[in-house]
Amino acid sequence: MNKTRVSQSPRLEILLRKDLDSIPQLQKLSADARTDMRAVSAVLPFRVNRYVVDNLIDWDRVPDDPIYQLTFPQPGMLADADLARMRDLVVRNAPKAELEPAAREIQAGLNPHPAGQIELNVPYLDDETPLRGMQHKYRETVLFFPGSGQTCHTYCTYCFRWAQFVGIDELKFADNQASGLAEYLRRHKEVNSVLFTGGDPMVMKTSVLRRYLEPLLAPDLSHVNSIRIGTKAPAYWPYRFTTDSDADDLLRLFEEVRAAGRHLAVMAHYSHFRELETEAAQHAIRRIMSTGAVVRCQAPLIRHVNDSADTWKRLWRREVLLGAVPYYMFVERDTGPKGYFEVPLARALDIFSEAYRNVSGLARTVRGPSMSATPGKVLVDGIAEVHGEKVFVLKMLQGRDPLWVNQIFFAKFDPAATWIDQLEPAFGKTEFFFTKTVEEMKRTHVQPAWGTETHIRKRMTEFGFVEWE
Ligand SMILES: *Cc1c(COP(=O)(O)O)cnc(C)c1O
């Protein structure tokens, strides 16, 4: 690993596709490998910062190094034919007018909008006003996408929001003002948690983040008792919390949230224990926790990055050691370069279980492997044999219908399946318990989580919604 000392308060230096030739460490790669990189990064987002390049990647282990796989475009991320096509354009130095349409075509084939996020999750302030910068999928929690937080300090190669970073999405989920959010929350007392997400909300200056957070601290919004910030900054740019010019101001803002009687959780995305090994990363966690905020940790299980029980065991142990709380292990979503990164559910369960068995109860706050699928968060809880049939035991951790939460259900065992849509119900059933209702929700654009029960029952009757009991 490169042991170059970083200065006391380093400056965030972002490297993009156009900078690929000026990253000294990349000069070790073959010209062919660099061409691959230019080809892939014309289709999928690429952005890395100097801290990651100099401190997290072990360049002696490239291309197998996990953080290199996590942050740099890999040839296997595109299908062979697509890679060949893009390579050809790159080698001939094709003009943008030729490169971009080819890239768009390939992007369109990569399921840019998984899990019904637009058709089902965008809530309405009233019957006419969609709130584009929000998602309200589960009754208790609203997701908010601040308009100025829609990028990251570094992009993950497996990002499930990749579509917005290559401009197909025109930032469909983003809002520049918190006023719509506050008004929505005033009308929805069933919501008790707001999750700021992105992109990465921590790319925002503290003064901007403050404009979003402060309105939520109003006394008439006291039903919003927790505020969460989903971020990878503690891994990719820990100086955000330590030496950046507005880091102290950020900590004061966190303290204000706590002083207003709210729980504050930094939902930190850590993919690999190495991200927690630098002094800067550990300092960031200490500073966040000093404000009374809690650090909860989550990441997807990704082939080439963290697909071993040993990696997760060391990750969870270190999180606990530093005072953070392991929260979720996710299954890689059905979008983007999933063929390169996906891990079969059966193998994911093996990895999870072996790691879980080798940590103390303090780290067993983690749940997984969990799929954020259209009906809800589906946990692969185990494999069982019932009357001679081998099945996956699944559990709904979160559901579009609150009545589904904690429901156990069964699918035929399939060692190759990587996502819930590849699973079939067990015991001769023709559909899962939620299938009809989800179809009905898609048809009517109404779902239980969107309001108080009376409001929803009324709307469902208006829409002729039949499955609600
Ligand atoms: C995971 C998730 C939440 C939060 O769920 P918790 O179980 O409370 O952590 C909220 N909304 C969406 C869309 C989610 O995927």
Side-chain angles (χ1 to χ4, degrees), residues 133-136 138-146 148-149 152-153 175 178 181-182 184-186 188-244 246-270 276 281-299 319-320 322-328 362 365-367 398:
M134 293 171 46
Q135 287 189 31
H136 192 180
Y138 308 129
R139 184 173 58 192
E140 289 74 21
T141 308
V142 159
L143 264 51
F144 183 68
F145 298 73
S148 26
C152 296
H153 295 101
D175 198 335
L181 173 63
Y184 185 80
L185 294 172
R186 276 191 182 93
H188 289 265
K189 303 282 191 225
E190 77 277 13
V191 177
N192 60 46
S193 189
V194 172
L195 171 53
F196 283 79
T197 181
D200 191 326
M202 294 316 306
V203 301
M204 291 189 282
K205 289 273 166 237
T206 303
S207 55
V208 180
L209 182 62
R210 183 181 288 280
R211 288 207 289 276
Y212 291 110
L213 281 182
E214 269 180 347
L216 306 187
L217 306 183
D220 66 339
L221 290 181
S222 62
H223 57 288
V224 180
N225 52 46
S226 65
I227 296 176
R228 315 187 216 183
I229 303 176
T231 176
K232 202 164 168 65
Y236 281 162
W237 188 244
Y239 304 104
R240 180 68 192 88
F241 307 92
T242 60
T243 56
D244 273 5
D246 60 347
D248 289 349
D249 199 25
L250 177 68
L251 299 202
R252 275 195 293 275
L253 176 60
F254 284 5
E255 283 166 0
E256 283 169 40
V257 174
R258 294 285 301 120
R262 313 308 172 87
H263 177 92
L264 179 63
V266 171
M267 308 301 291
H269 176 185
Y270 291 113
L276 285 160
Q282 297 178 11
H283 190 198
I285 292 185
R286 287 197 299 275
R287 296 258 294 176
I288 294 167
M289 289 177 48
S290 75
T291 67
V294 174
V295 179
R296 288 185 182 262
C297 308
Q298 51 191 25
E319 286 166 357
V320 169
L322 297 170
V325 184
Y327 192 54
Y328 274 130
L362 290 180
T365 47
V366 69
R367 290 172 302 174
Q398 274 286 18

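The closest side-chain heavy-atom distance from T365 to Y327 is not below 4.5 Å. Looking at heavy atoms from C-beta onward, P146 lies in side-chain contact with M204 at the 4.5 angstrom threshold. Side-chain atoms of F144 and Q135, non-hydrogen and from C-beta on, never get closer than 4.5 Å to each other. S193 has its side chain out of reach of V224: every pair of non-hydrogen atoms, C-beta onward, lies at least 4.5 Å apart. Looking at N192 and H223, their side chains never come closer than 4.5 Å, going by heavy atoms from C-beta outward. Between M134 and L143 there is no side-chain heavy-atom pair separated by less than 4.5 Å. Side-chain atoms of F254 and I229, non-hydrogen and from C-beta on, do get closer than 4.5 Å to each other. Side-chain contact between R228 and F196: absent, with no pair of heavy atoms (C-beta onward) separated by less than 4.5 Å.
Heavy-atom minimum distance, R186 versus K189: O-NZ, 3.4 Å. When every heavy atom of G149 is checked against every heavy atom of V203, the shortest pair comes out as CA-CG2, 3.9 Å. Closest non-hydrogen pair, R139 versus E190, comes out as CG-CG, 3.5 Å. Heavy-atom minimum distance, P201 versus G198: CD-N, 4.3 Å.
In this structure a side-chain-to-backbone donor-acceptor pair under 3.5 Å is missing from Q398 to Y138.
A donor-acceptor pair shorter than 3.5 Å can be found between the side chains of Y212 and S148. At a cut-off of 3.5 Å, with distance as the only test, a side-chain donor of Y184 or H136 sits close to an acceptor on the other residue. A donor-acceptor pair shorter than 3.5 Å cannot be found between the side chains of T206 and D249. No side-chain donor from either of D200 and W237 sits under 3.5 Å from a side-chain acceptor of the other.
Sorted by first and then second residue, the pairs that involve residues 252-266 and meet side-chain hydrogen bond (donor to acceptor under 3.5 Å, both in side chains), not counting sequence neighbours, are R210-E256.
Under the side chain to side chain contact (heavy atoms under 4.5 Å, CB included) rule, L213 has a single partner from I227, V194, L264, which is I227.
Distance check, rounded to the nearest 0.5 Å: CG of L322 to CZ of R286 gives 8.5 Å. Atom-to-atom distance recorded for H269:NE2 and Q298:CD is 8.0 Å, nearest 0.5 angstrom. To the nearest 0.5 Å, atom CD of residue E319 and atom CD1 of residue I285 are 7.5 Å apart. Between Q282 atom CD and T242 atom OG1 the span is 12.5 Å, to the nearest 0.5 Å.
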| Check against side chain to side chain contact (heavy atoms under 4.5 Å, CB included), L195 and V142 | CA-CA 6 Å; L195 171 53; V142 159; over 6 Å; no
| task | Would you sort out whether V266 and M289 count as a side chain to side chain contact (heavy atoms under 4.5 Å, CB included), showing the intermediate values? | result | CA-CA 9 Å; V266 171; M289 289 177 48; over 6 Å; no
| message | Before you tell me yes or no, could you show the steps for H283 and T243 under side chain to side chain contact (heavy atoms under 4.5 Å, CB included), namely the whole-Å CA-CA distance, both residues' side-chain angles and the distance that decides it to 0.1 Å? | response | CA-CA 10 Å; H283 190 198; T243 56; 5.6 Å; no
Could you pull out all donor-acceptor pairs under 3.5 Å where a side-chain atom in residues 290-297 meets a protein atom, sequence neighbours excluded?
{"from": "S290", "atom 1": "OG", "to": "R287", "atom 2": "O", "distance (Å)": "2.6"}
{"from": "T291", "atom 1": "OG1", "to": "I288", "atom 2": "O", "distance (Å)": "2.6"}
{"from": "T291", "atom 1": "OG1", "to": "A293", "atom 2": "N", "distance (Å)": "3.2"}

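A search for ring pair (Phe, Tyr, Trp, His ring centres under 6.0 Å) contacts involving Y328 returns F330, not counting sequence neighbours.
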